[in-house]
Amino acid sequence: MVLSSTIAPQSKVTELTDDTKYDSLNLEQKKKAWPMERHRSAEVSQAILSKIGHDGAPISSCDPSGEFTADSNGMHRHTITDAAWEALKQSIVYFKGQPIGTLAAIDKSQAELNYDQVFMRDFVPSALAFLMKGEPTIVKNFLVETARLQSREKMVDLFKLGQGVMPASFKVHHSHPTKKTETLLADFGEIAIGRVAPVDSGLWWIFLLRAYTKYTRDSSLAESPHCQRAMRLILKLWLSEGFDTSPALLCADGCSMIDRRMGIYGYPLEIQALFFMALRCALSLLKDSNDDFVYQITKRIKALSYHLHSYYWLDFQRLNDIYRYKTEEYSQTALNKFNVIPESIPDWIFDFMPSRGGYFIGNVSPARMDFRWFCLGNFIAILSCLATGEQAEAILDLVEERWEELIGEMPLKICYPAMENQEWQIVTGCDPKNTRWSYHNGGSWPVLLWLLVAVSVKLGRPHIARNAVELMERRLAKDDFPEYYDGKTGRYIGKQSRKFQTWSVAGYLVAKMLLDDPSNLRAVSLEDDGHIREPVLKRSNSCP
Ligand code: GLC
């Protein structure tokens, strides 16, 4: 299916205005210029639903009777894939007649939120799907427009955000109904719930620029002055000096995919792994490879790798070491450098930790180790080669050993385990959306499937991927591609889950394309170039 030839732009734009007009508005004016837009939800759902039978089972688009024809697994999969491409196609957003991204969701049952926007992180699986399908234009447009958005002045009340910050999301605003003028309205965190800037956006942007370059074999976009500038601005912000005593990035709660208070403040693994990935991608994309900047990046990659290996890696042996930690050590030679009190180790981890397997824990800071397992950070660690070969295998061993807990009935747990009772009250601030085993608090997110498939294909263990894909195929299309599932095993469609969530759709498609053609891995996976780890890190299984 060649998408560009089958998709018509939402509207023909006859007269265009410059985005810079938007920049000149003050914050109040910007808020007013942000009306809720009605998207074509009704037609969209109809178009996609016509591919799904009334009993919820996918039907073949060429079946004239409209009856359920999934008489073989192959046909069944084929129709799910068709429905997914259709949904992805319907989610495309156009700006000045050009595709520039995909809506977060095309379910408008709760129109008051911002799912009608193009999210940077949500677009990543869409972009990969388009690249793998041979449709790079939308990805290029997205990269160019978001780089433009980055140069805007970003204010939260009277405070100016760093220049390198990339938007969390944006939408097309039709500012003048009769003149048909279009502008992009971006959110850098200044209007988001919780007012947190997305730390992950810029890192995903660099990742995507590399994926685009790798796929198209066209380095002219990455080498263009505005992309080089955007990349340098992102990196300058991330590499700036401060009060840090570690190479990890200090973050506020809610600064990434988990964008509500969930106790991930500090040095969350997801950001550190993405940071590592982005630094490595940037090295391959920066034009001037001799400048001081490149030197700084190289140093940071090594320091970050050392830090994460030394303090985040956990397996049976390490857990036992921490369990026996001495405290109050004041010296260069301290073993328990962060003064973690062994009594703070949660009970669940002793049962959860298999003898075979390991993972990078969620967060490390003074007197605090967050032992929760976070999916995205661990899988990005494998794709970026932050994890050694041995560790990468151990992460997948853990997934196999703890299949019920991490995969259950619907891949894949965003984190494990859920917080309950008083801990949930204190850590989330009694967030009703993040109750136990729901949403970010141990919910199951179909979008994460593509990452599981990518790492299993990378490590030559595709049976893990196939089992997970099969599980998902039983429900995903039938349930209208939900955003997330609830429950200990992910059995129930999430309480406030959107339907036709674009990254659930795109994640499935990318997973399928990675399985069908492992060479697609080149867009998302880096090779270990042998220079990213200091020799001392060979002892990653022992106590630092
Ligand atoms: C929710 C998710 C966030 C995602 C957004 C749009 O806020 O937590 O990760 O980007 O929805 O889908």
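Position 1 is the first residue of the sequence, and the numbers go up from there. Whatever order the structure lists them in is the order used to number ligands and atoms, beginning at 1.
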Asks: Among all protein heavy atoms in this structure, tell me which lies nearest to atom 11 (O) of ligand 1, with the distance rounded to 0.1 Å.
Replies: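 Nearest neighbour among protein heavy atoms for atom 11 (O) of ligand 1, to 0.1 Å: Y115 OH, 3.5 Å.
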Asks: Which protein non-hydrogen atom lies closest to atom 1 (C) of ligand 1, naming both residue and atom, and how far is it?
Replies: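 Looking at atom 1 (C) of ligand 1, the protein heavy atom closest to it is Y439 OH, 3.2 Å.
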Asks: Could you tell me whether F481 and W503 have their ring centroids closer than 6.0 angstrom?
Replies: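 That pair fails the under 6.0 Å test.
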Asks: Looking only at heavy atoms of E483, does any of them come nearer than 4.0 Å to an atom of ligand 1?
Replies: yes
Asks: Using a strict cut-off of 4.0 Å, indicate which atoms of ligand 1 neighbour a heavy atom of D122.
Replies: 4 (C), 6 (C), 10 (O), 12 (O)
Asks: Does any N or O atom in D259 lie less than 3.5 angstrom from one in ligand 1, N or O only?
Replies: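 Yes.
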Asks: Against L249, only a single residue in P247, S246, C251 fulfils side chain to side chain contact (heavy atoms under 4.5 Å, CB included); can you say which?
Replies: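 Only one of P247, S246, C251 forms a side chain to side chain contact (heavy atoms under 4.5 Å, CB included) with L249, namely C251.
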Asks: Can you see whether Y265 has R368 sitting over its ring - NZ or CZ less than 6.0 Å from the centre and within 45° of the normal?
Replies: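 Cation-pi check for R368 and Y265: passes.
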Asks: Between ligand 1 and Q117, can you find any atom pair, the residue atom being a heavy atom, that is separated by under 4.0 Å?
Replies: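 No, that is not the case, since the closest heavy atom of the residue is not under 4.0 Å from the ligand.
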Asks: With heavy atoms only and a cut-off of under 4.0 Å, state how R260 meets ligand 1: side chain, backbone, both or neither.
Replies: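 The answer is neither; R260 stays 4.0 Å or more away.
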Asks: Considering both backbone and side-chain atoms of W503, is one of its nitrogen or oxygen atoms within less than 3.5 Å of a nitrogen or oxygen in ligand 1?
Replies: no
Asks: When the aromatic ring centroids of Y492 and Y485 are compared, is their separation below 6.0 Å?
Replies: no
Asks: Walk me through it: do E473 and K512 pass the test salt bridge (Lys or Arg N to Asp or Glu O under 4.0 Å)?
Replies: CA-CA 11 Å; E473 281 172 339; K512 293 290 288 183; 3.2 Å; yes
Asks: So which protein heavy atom does atom 9 (O) of ligand 1 come closest to, and at what separation?
Replies: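 Going atom by atom, the protein heavy atom closest to atom 9 (O) of ligand 1 ends up being M257 O, 2.7 Å.
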Asks: Do you see a donor-acceptor pair shorter than 3.5 Å between the side chains of D486 and S438?
Replies: yes
Asks: What is the distance from atom CG of N434 to atom CE of M262, rounded to the nearest 0.5 Å?
Replies: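 The CG atom of N434 sits 5.5 Å away from the CE atom of M262.
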Asks: Would one find an N or O of S256, backbone or side chain, under 3.5 Å from an N or O of ligand 1?
Replies: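 No, there is no polar N/O contact under 3.5 Å.
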Asks: Please identify which atoms of ligand 1 are closer than 4.0 Å to at least one heavy atom of A104.
Replies: 6 (C), 12 (O)
Asks: Can you report which non-hydrogen protein atom sits closest to atom 5 (C) of ligand 1, along with the distance?
Replies: F119 CE2, 3.9 Å
Asks: What atoms of ligand 1 come closer than 4.0 angstrom to any heavy atom of Q501?
Replies: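 Going through ligand 1 atom by atom, the ones under 4.0 Å from Q501 are 12 (O).
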Asks: Between E182 and K96, is there a salt bridge with N-O shorter than 4.0 Å?
Replies: no
Asks: Look at K433 together with D431 and state whether they make a salt bridge at an N to O cut-off of under 4.0 Å.
Replies: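 No, this pair does not count.
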